[in-house]
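Take a look at the structure set out below.
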Amino acid sequence: MAVVKADAYGHGAARVAAALDDADGYAVARLGEALALRAAGIDKPILLLEGVFSAEELAQALAARIDLAVHDPSQVELLEQADASGAVIWLQVDTGMNRLGFRPEQALAVRARLLAARGAPRELRLMTHLARADETDTAPTAAQTARFDSLVAEWAATAGAPPVTSIGNSAGTLRGSAAQGATQGDWIRPGIALYGASPLADRAAAELGLSPVMTLETAVIALRDVPPGEGVGYGATWRATRPSRIAILAAGYADGVPRHLPSGAPVLIGRRRAPLAGRVSMDMIAVDVTDLPSVAVGERAVLWGEGLPVDEVAARAGTIAYELFCRVAPRVPRVER
Ligand SMILES: *Cc1c(COP(=O)(O)O)cnc(C)c1O
């Protein structure tokens, strides 16, 4: 299932879901996201990863044929009081992340409770989420999958058949190792990899065969010459140490360029890299183009994407590609090519 929560990581959920029509289903975090996909005509299974939190939400989800994660006793109660006989429920177990899910030793009791209800769900499946699959040390992930595997075995012994399972996010799915199959399950749940960023701490996206989907681009709107010793931008945190040429670009933190992106971070102008100079302001950034004398007003510039890996920019800003993607502001026009 393609994970398209948070507006498909800033890419546009309906557009991405339609583009990824090879997916067997989709996953989102919030009910509103699931209903919006249905309203956009997406007919395949949609899993609501956080489940529902009221009887009204449950009714809306069931009416829209949304598959539900169940991770909390309050959600079991809601299901017991509803006719969930058309529903596919994913029982979420916490195998070590301590975020959402029942502890493995509680899972079979929850399963029994859900199946005993009058309007018991059509199908119960089992999922977990990996906390550290992006790391080079695979031991924490192996510990999580071992806990999951023994629960699957117990489930099979109790129910007569193993459950349909889901384990891997992008990192769990792509981490090449002997344990690879063990980190996937029947349904994989890739998010970030679909958008072309690397889910693995030690591997670049290109090495994994991933290419960027989003390119955040703008243009040069002004050029100026700055004499040595003068500062650029708010706080004058960047100072010219030589006669410098500064390009002003129409992109700032109101567009999603992180304000903490430091001077020296790369920006692509005319396919060549130039360093950010001074603070990111709301609508603009300054770039030192002294070494790119041909740069002209109107020239296209890339903040990340094609030619400039988002993971590299994110690392310079002390964050991850996920956050840069999600923070691209509504005012930025989305153009499909
Ligand atoms: C967001 C999320 C995913 C996708 O994670 P990526 O790291 O983007 O691949 C998968 N499963 C769950 C439960 C999630 O919350």
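The figures here come from the full heavy-atom set of this structure, side chains too, leaving out hydrogens, waters and symmetry mates. Just follow the structure's listing: the first ligand is 1, and inside any ligand the first atom is 1. This chain uses plain numbering: 1 for the first residue, then up along the sequence.
- Listed by number with element, the atoms of ligand 1 under 4.0 Å from a non-hydrogen atom of I192 are 6 (P), 8 (O), 9 (O).
- Here the side chain of R272 pairs no donor or acceptor atom with the backbone of L268 at under 3.5 angstrom.
- Between G191 and ligand 1, a contact under 3.5 Å exists for at least one N or O pair.
- Taking only non-hydrogen atoms, the option from H71, M1, K5 nearest to atom 15 (O) of ligand 1 is K5.
- Under the side chain to side chain donor-acceptor pair (under 3.5 Å) test applied with R175, the options T183, D202, D134 reduce to a single match, D202.
- Remark: M282 CE is loosely packed, at most 12 non-hydrogen atoms of other residues, nucleotides or ligands lying under 6.0 Å away.
- Neither the backbone nor the side chain of E50 comes within contact range of ligand 1; no heavy atom lies under 4.0 Å.
- Within the structure, the closest approach of P199 to ligand 1 does not fall below 4.0 Å when heavy atoms are considered.
- At least one heavy atom of R99 sits closer than 4.0 Å to an atom of ligand 1.
- Side-chain N/O atoms of R189 and H129 include a donor and acceptor closer than 3.5 Å.
- Proximity of L249 to M284: side-chain heavy atoms (C-beta onward) are nowhere separated by under 4.5 Å.
- Looking at Y322, Y9, Y195, W90 and measuring to atom 4 (C) of ligand 1, the nearest heavy atom belongs to Y9.
- In terms of protein heavy atoms, atom 9 (O) of ligand 1 is closest to S170 OG, 2.5 Å.
- Heavy-atom proximity to atom 11 (N) of ligand 1, evaluated over M127, M97, Q92, R189, is greatest for R189.
- When non-hydrogen atoms are compared, ligand 1 lies under 4.0 Å from the backbone of P190 (N, CA, C, O) but not from its side chain.
- Here H71 and F102 keep their ring centres 6.0 angstrom or further from each other.
- In summary, of the residues considered (L48, I46, V28), a side-chain contact (heavy atoms from CB on, under 4.5 Å) with E33 occurs for V28 alone.
- The local environment of CZ in R38 is crowded, with over 12 non-hydrogen atoms from other residues, nucleotides or ligands closer than 6.0 Å.
- Proximity of H129 to ligand 1, defined as any heavy-atom pair under 4.0 Å, is confined to the side chain (atoms from C-beta onward).
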